[in-house]
Amino acid sequence: MSAQPSRQGSLPQSAATVTVFAAPTSWIESDALAQCHQVAALDGMVHVAAMPDLHPGKGAPIGAAMLSTVLYPFLVGSDIGCGIAVFPIRLKRAVPEKLATRFPDLDRALDPERDADDPAWAVLDGDVPAGHVEGLGTVGRGNHFVELARIDTVLEPDHASRLGLAARDLVLIVHSGSRGLGERILRAHTEVHGAGPAPDPASYLALHDAAVRWGSLNRRLMAARVAHALGAEPTEPIVDECHNSVEIRDGAYLHRKGAARGDGRDVLVAGTRGTPSYLVAGHAGPEANHSVAHGAGRKMSRADALRRGRAKHTVEELRRTPVGSLVVCGDRQLLFEEAPTAYKRIEQVIGDLVEHKLATPVVSTVPLVTYKTADLAPVADRRDARRRRGRP
DNA sequence: ATGTAC
């Protein structure tokens, strides 16, 4: 393998450069590469850096950092401020079967009035960004999750110890975003300007920044909800990086869609529901648009994962994974869509980051319990519920 | 990924 970025853009001189940070043997869908070149041809585009977890998105590729003199809201997408945070958590015992039943309902929002006495509110410092209360403290759908995980391998002992991490420690990993708020911000732009640039970048950025703060608050609220439910004290995150954002960098707009800030920051690169994740130290330079990958990256579309997964897996094997972890997910379709086999191998993604000197792995984590969406109620409970409603 | 429409 070469240490050089393996594929260079070779399209019209007017188009921006496209650099893909993946080994030739790493699976990158041609549709995703085509999307990178479409983005490279946009007015004002300077450089597109594709991460090893690159895959096709709706209109724009996912797993890319895109530098442009023009701000394009659609390159950030609707889940502005989506990201992954890591919170240390101390538990006396961590038996997945016991803990899985104790997770709170993270599909149900925290209501400032009805849930006024919920201790999770203690993480709120000041006002709720944009005053947007709907969906606060909820995980959402798609690839979002809240996971109780254990530190497995320590690869950089000094760095791990600076983060207060040692082998066998427990952490909560929270992957979620700005829910309806970011969606509303992009829709308001798109209704008037479509995929065109933001005519007033400062006003878009003000809304964007609020969504980024909201996403981070949401992750903290969820970690606090889960910590309280499991009988632990909430903690401050040791890592919290968003991967859908835009920032001003060297006088241009650096859009990241499924790519995390990778310049001197620690980032949790998520595996799948049933494989390890890696906390890495990012040190990406300008060629990579100062970015690192955000996860394993989809290898199959949701439709393919559903079709092939139904033929290949049982619900039971997806709910209890090969590493012994449990997946809380009452939605069977989501379980298949999010099957580990629908994603690339995280080791390959991490290997590509290392090969191209974008990041150094610090620790790996293995899941114990991953919460996706509220579980199906046990049969007895459902029967009771029907009886309470006066049905047979 | 989302809220909403089908």
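In the text below, chain A, chain B and the rest are named by the order of the sequence lines, each starting its count at 1. This is a predicted model, so every value here is computed, not measured.
At least one side-chain nitrogen or oxygen of A:R179 sits closer than 4.0 Å to the OP1 or OP2 atom of B:dG3. Side-chain N/O atoms of A:R141 include none lying less than 4.0 angstrom from OP1 or OP2 on B:dA1.
Rounded to whole Å, the distance from NZ on A:K257 to P on B:dA1 is 8 Å. Between the CZ atom of A:R298 and the C1' atom of B:dA1 there is a distance of 12 Å, rounded to whole Å. The CD atom of A:E337 sits 13 Å away from the P atom of B:dT2 (whole-angstrom rounding). Between the CD atom of A:E183 and the P atom of B:dT4 there is a distance of 8 Å, rounded to whole Å. Going from atom CZ of A:R184 over to atom P of B:dT2 covers 15 Å, rounded to whole Å. Atoms CG (A:L136) and P (B:dT2) sit 14 Å apart, rounded to a whole Å. With rounding to whole Å, A:E134 atom CD is found 15 Å from B:dT4 atom C1'. A:I62 places its CD1 atom 12 Å from the P atom of B:dT2, with the value rounded to the nearest Å.
Taking a cutoff of 4.0 Å between a charged side-chain nitrogen and a carboxylate oxygen, A:R256 and A:E247 qualify as a salt bridge. Ion pairing of A:R179 with A:D79 is absent here, as no side-chain N (NZ or NE/NH1/NH2) approaches a carboxylate O to less than 4.0 Å. Salt bridge annotation for A:R265-A:E241: present, with a cationic side-chain nitrogen under 4.0 angstrom from a carboxylate oxygen. Between A:D115 and A:R108 there is a salt bridge, with a side-chain nitrogen of the basic residue lying less than 4.0 Å from a carboxylate oxygen of the acidic one.
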